[in-house]
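Have a look at the structure below before the remarks.
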There are 2 protein chains.
Amino acid sequence: MEKKLIETQENILAAARTIFAKKGLAGARMQEIADAAGINKALLHYYYRSKEKLFEQVFEEAFKKLVGPLAAFLADDSELFLKIRNICTLYHKVMAEYPFIPNFIINEASTDPSRILKLLNIVGIEEGKKKTAMQISEAIETGKIRPIDPRELILNIISLSIFPFASRPISEQFLYKGEDMDEVLKSRANRVSEFIIQSIQI
Amino acid sequence: MEKKLIETQENILAAARTIFAKKGLAGARMQEIADAAGINKALLHYYYRSKEKLFEQVFEEAFKKLVGPLAAFLADDSELFLKIRNICTLYHKVMAEYPFIPNFIINEASTDPSRILKLLNIVGIEEGKKKTAMQISEAIETGKIRPIDPRELILNIISLSIFPFASRPISEQFLYKGEDMDEVLKSRANRVSEFIIQSIQI
DNA sequence: GTCTATAATTTGATAGAC
DNA sequence: GTCTATCAAATTATAGAC
């Protein structure tokens, strides 16, 4: 019995991830989720009392996937350039698998900002942030890299790693029409980290 | 009478822009739009037959705001580095005024991909694209910049210009908590273009 | 746990008076 | 053009049998 319960629950979550990601909280239909999970609405409500409850679980999962790599980067003790290569590789790997997550999170976050505030504390980041900011400042002082605000460098890394995936529905039409953008994005991680390092290296 | 008609219409559009941008097509409520426009639902339907019709107008406007700067960049006849500075400045100006547009467009585009296809032809871009790609290739051959795929350079420029605005609801919490991110973004255009030029310049 | 049937609400849209 | 009142459809949620 427990076996079946868990299996059904996983079916529901898998269906909910796909449909919430594509249509958002407001656009998703419980009926559609039930269909995709191979059950009916009543049973869906039996497992998750409300649409809101189901959504919260999916949202939290996705949020961790999005912020996890950043936390890992900030906490990483490697040398700066290696760290940059690491986060680019990691984000490109995660985004290739879940390209819809950035929009999903950003969107629902602007619809209801309180959603993020609840999750902020779950993902510890402050300590790593200080450490990495210090590391960057040190690299500047010792003349290893050009002067740049540490937060800005981090923001640039994230922008270059995430936006191409998030914007794919549009940018594919404009820049890579008829070509294999999958292939482009797959091999992009290395080029991005070199693009960044070239910019800051003295 | 014409005066009033146009004024009401503009009130409706202003309300619709805000609410559609924040909540999306599915999440927006006609009642809420009517309230924000200072009229009632019946009158709202009198001006725009359906929610879908109203949405289409708002979407098309926003789409042009997002893609316009790119088209201008591609068609620009200036020297390459100046062009890069121009598009960064332009995008930062537009995004400061309409920071919600990127998510809005990307989101509705993935919900219903056909929406973009309809608009693609409105914004002529192919000619400029070829010209700029050629210009970049030439800069590489003459040893002015390092080798890079022209499309990738363009994508990097756009990513660095747009993502920080789009992701603000989240990144503000992580990177600039308690600070004035408005100020940061306002002055960012110059730093971004220099970041890019530093990276490609030999 | 799983289903069918149905209640309860929300919401886009229209009718009709002024 | 603008309003009040109301309809019709869609959708979340629950009751109750098996």
Side-chain angles (χ1 to χ4, degrees), chain A residues 1-62 104 107-108 110-112 114-115, chain B residues 1-62 104 107-108 110-112 114-115:
Chain A
M1 310 307 135
E2 168 106 341
K3 178 83 181 295
K4 188 101 181 227
L5 192 153
I6 291 181
E7 192 185 318
T8 300
Q9 195 152 354
E10 186 43 49
N11 286 344
I12 292 175
L13 281 178
R17 280 185 206 109
T18 307
I19 291 167
F20 277 136
K22 196 152 77 183
K23 313 204 168 178
L25 171 58
R29 296 288 160 252
M30 291 297 266
Q31 182 65 60
E32 199 182 351
I33 294 174
D35 290 346
I39 56 173
N40 67 16
K41 264 195 305 183
L43 191 55
L44 179 54
H45 274 91
Y46 171 81
Y47 278 83
Y48 292 87
R49 285 197 194 150
S50 68
K51 187 182 180 183
E52 175 73 21
K53 278 279 170 210
L54 177 55
F55 180 82
E56 269 173 23
Q57 171 131 358
V58 171
F59 184 83
E60 182 170 336
E61 269 184 29
F104 174 60
N107 228 27
E108 303 296 343
S110 32
T111 301
D112 179 2
S114 72
R115 239 183 259 287
Chain B
M1 310 308 134
E2 170 106 340
K3 178 84 179 294
K4 188 102 182 223
L5 191 153
I6 291 181
E7 192 185 318
T8 301
Q9 195 151 355
E10 185 44 48
N11 285 345
I12 292 174
L13 280 178
R17 280 186 206 108
T18 308
I19 291 167
F20 276 136
K22 196 152 78 184
K23 312 204 169 180
L25 171 58
R29 295 289 160 250
M30 292 296 267
Q31 183 64 60
E32 198 182 350
I33 294 174
D35 290 347
I39 57 174
N40 65 18
K41 262 197 305 183
L43 191 55
L44 179 54
H45 275 90
Y46 172 79
Y47 278 84
Y48 292 87
R49 285 196 193 152
S50 69
K51 187 183 181 183
E52 176 72 23
K53 277 279 172 208
L54 177 55
F55 179 82
E56 270 173 23
Q57 173 132 358
V58 171
F59 184 82
E60 183 171 333
E61 269 183 28
F104 174 60
N107 227 35
E108 302 297 343
S110 33
T111 301
D112 178 3
S114 72
R115 238 184 260 287

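So you know, we letter chains A, B, ... as the sequences are listed, proteins then strands, and number each from 1. Quantities reported herein were computed from a predicted structural model and do not represent experimental measurements. The figures that follow rest on heavy atoms only: side chains count, while hydrogens, waters and symmetry mates do not.
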Just how far, in rounded Å, is P of dC7(D) from CE of Met30(B)?
20 Å

Phosphate contact (dT2(D) OP1 or OP2) by Tyr47(B) side-chain N/O below 4.0 Å
yes

Distance test, side-chain N/O of Tyr46(A) to OP1/OP2 of dT14(D), below 4.0 Å
no

Side-chain N or O of Arg29(A) closer than 4.0 Å to phosphate OP1/OP2 of dA10(D):
no

In this structure, how many angstroms lie between the P atom of dT11(C) and the CG atom of Leu54(B), rounded?
17 Å

Between Gly38(B) and Lys41(B), name the one whose nearest nucleotide on DNA chain D is closer to the 5' end.
Gly38(B)

Between atom NZ in Lys53(B) and atom P in dG12(C), what is the gap in whole Å?
18 Å

Across the strands shown, which category fits Ala34(B) at heavy-atom distances under 4.0 angstrom: base, sugar-phosphate, nothing?
nothing

Please round to the nearest 0.5 Å and tell me the distance separating atom CG of Asn40(B) and atom CD of Gln31(B).
8.0 Å

Run Gln57(B) and Arg17(B) through side-chain contact (heavy atoms from CB on, under 4.5 Å) and show every step you take.
CA-CA 9 Å; Gln57(B) 173 132 358; Arg17(B) 280 186 206 108; over 6 Å; no

Could you measure the distance from the CG atom of Asn11(A) to the CD1 atom of Ile33(A)? Nearest 0.5 Å is fine.
13.0 Å

In whole Å, I'd like the distance from the CD atom of Glu32(A) to the P atom of dT11(D).
10 Å

Sugar-phosphate only, base, or nothing, as touched by Ala26(A) at under 4.0 Å among non-hydrogen atoms
nothing

Inspect the contact between Lys51(A) and Glu32(A) and indicate whether a charged nitrogen and a carboxylate oxygen are less than 4.0 angstrom apart.
no

Rounded to whole Å, how long is the line connecting atom NZ of Lys51(A) with atom P of dA13(D)?
8 Å

When rounded to whole Å, the CD1 to P distance for the pair Ile39(B) and dT4(D) reads 12 Å

Provide, to the nearest angstrom, the distance between the CG atom belonging to Leu43(A) and the P atom belonging to dA15(D).
16 Å

Of the nucleotides dC3(C), dA13(D), dC3(D), which has the atom closest to the Ala42(B) side chain?
dC3(D)

Separation of atom CD in Glu52(B) from atom C1' in dA10(D), rounded to whole Å:
16 Å

For dT4(D) and Asn40(B) - does any side-chain N or O of the residue sit under 4.0 Å from the phosphate oxygens OP1/OP2?
yes

Return no unless some side-chain N or O of Thr8(B) is found under 4.0 Å from OP1 or OP2 of dT2(D).
yes

Give a yes/no answer on whether the side chain of His45(A) brings an N or O atom under 4.0 Å of OP1 or OP2 in dA13(D).
yes

Rounded distance [0.5 Å steps], CZ in Arg29(A) versus NZ in Lys23(A):
8.5 Å

